[in-house]
Structure formats: structure tokens, C-alpha cells
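In what follows, residues are counted from 1 in the order of the sequence shown. The figures that follow rest on heavy atoms only: side chains count, while hydrogens, waters and symmetry mates do not.
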Amino acid sequence: MRKRLVPLLVMLTLTGCQALSPAELVGRALAGGIVAAQGLFISDTDEVKMGLQTKAQVLAETPEYPNPALRDYVNSVGQKMVAQCERSSLPFEFHVIESKDI
């Protein structure tokens with residue numbers, strides 16, 4: 001389960017990130033290379049659009065893990081995290097993807 005949560009945490013960072021493959025996302029996240037969207041000086045609307053485009057690309061390349069109970073659990077944890085952040089008004093989505101990458 002731990003191996004599957006890393007890609008999930010990377011998906012959490014997708015809003016405002018450039019379109020990258022799942023492996024690139026993981027690598028950059030672990031290396032600290034993903035910059036918070038607040039520092040990019042883009043509107044919330046543009047940030048959400050970018051996040052949706054990136055989500056579509058990642059999910060087109062990498063299928064979601066087919067476990068509704070795990071999906072619901074991860075979403076529950078993710079939404080609790082969102083509730084504590086400064087930008088909780090933005091729509092956050094959480095997906096568990098099927099990937100061999102750590």
C-alpha cells in the first residue's frame with residue numbers, strides 16, 4: 001500500500017504543475033522540483049484548468065487502481081488535509097494510480 005500512496009501524493013500536487021508522466025512527477029516530487037502554484041502568479045481559474053489537463057493526461061497514460069475502498073479512504077484522508085490548507089477553496093481530487101514506479 002505504501003508504494004501506491006507515493007503516486008497518490010504526487011497526484012495531489014498536480015494542480016498548477018506542468019504536464020509530466022507519472023514517473024517524472026514522482027521523481028520531481030521526491031527531488032523537491034515541483035513548485036507550489038502560488039509562486040507561479042497564475043489565477044486560480046488557470047491553475048484549476050492546468051490541473052484538470054494534467055490529471056487527464058496522467059489518467060490516460062496510467063490507469064486508476066481498481067479498489068473503491070482504497071480510493072474512498074485516500075480521498076477521505078486527502079480531503080482532511082485540504083481542509084487544513086490555506087487554499088482549501090480550490091477543488092482537490094485524489095486518485096490512486098496503477099504504477100510500478102515508486
Side-chain angles (χ1 to χ4, degrees):
M1 182 164 158
R2 182 180 203 167
K3 188 163 91 170
R4 291 185 187 100
L5 289 181
V6 172
L8 163 76
L9 294 174
V10 172
M11 292 290 288
L12 172 64
T13 65
L14 285 179
T15 302
C17 297
Q18 58 185 320
L20 302 171
S21 73
E24 290 171 319
L25 284 169
V26 171
R28 287 192 181 191
L30 294 177
I34 294 180
V35 178
Q38 287 174 293
L40 297 177
F41 302 108
I42 60 173
S43 71
D44 287 352
T45 302
D46 288 342
E47 182 179 350
V48 170
K49 285 180 188 176
M50 290 170 61
L52 291 173
Q53 290 171 347
T54 303
K55 177 187 84 169
Q57 179 184 348
V58 170
L59 293 178
E61 295 173 8
T62 310
E64 289 193 73
Y65 187 71
N67 183 326
L70 179 61
R71 180 197 62 220
D72 293 345
Y73 170 74
V74 167
N75 187 57
S76 172
V77 171
Q79 294 302 332
K80 288 177 185 175
M81 292 169 51
V82 168
Q84 301 302 313
C85 78
E86 292 178 11
R87 304 185 78 212
S88 61
S89 62
L90 293 177
F92 285 85
E93 295 181 17
F94 300 89
H95 300 266
V96 180
I97 59 174
E98 189 81 55
S99 177
K100 293 180 181 180
D101 295 328
I102 297 177

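Between E93 and K55, at least one side-chain nitrogen of the basic residue sits less than 4.0 Å from a carboxylate oxygen of the acidic one, meeting the salt-bridge criterion.
Between M81 atom CE and S88 atom OG the span is 13.0 Å, to the nearest 0.5 Å. Taking NZ of K49 as the start and OG1 of T54 as the end, the distance is 14.0 Å to the nearest 0.5 Å.
Listed here is the closest heavy atom pair of E64 and L59: CG-CD2, 3.5 Å. Contact between F92 and R87 at its shortest, heavy atoms only, is CE1-O, 3.5 Å.
None of N75, V74, N67 except one satisfies the side-chain contact (heavy atoms from CB on, under 4.5 Å) rule with V96; the exception is V74.
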Go through the steps to decide whether Q57 and E61 satisfy the test side-chain hydrogen bond (donor to acceptor under 3.5 Å, both in side chains), and finish with yes or no.
CA-CA 6 Å; Q57 179 184 348; E61 295 173 8; 3.2 Å; yes
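Checked by atom type and distance alone, the side chain of S76 never pairs as donor or acceptor with a backbone atom of D72 at under 3.5 Å.
Considering only heavy atoms from C-beta on, V58 stays 4.5 Å or farther from H95 through its side chain.
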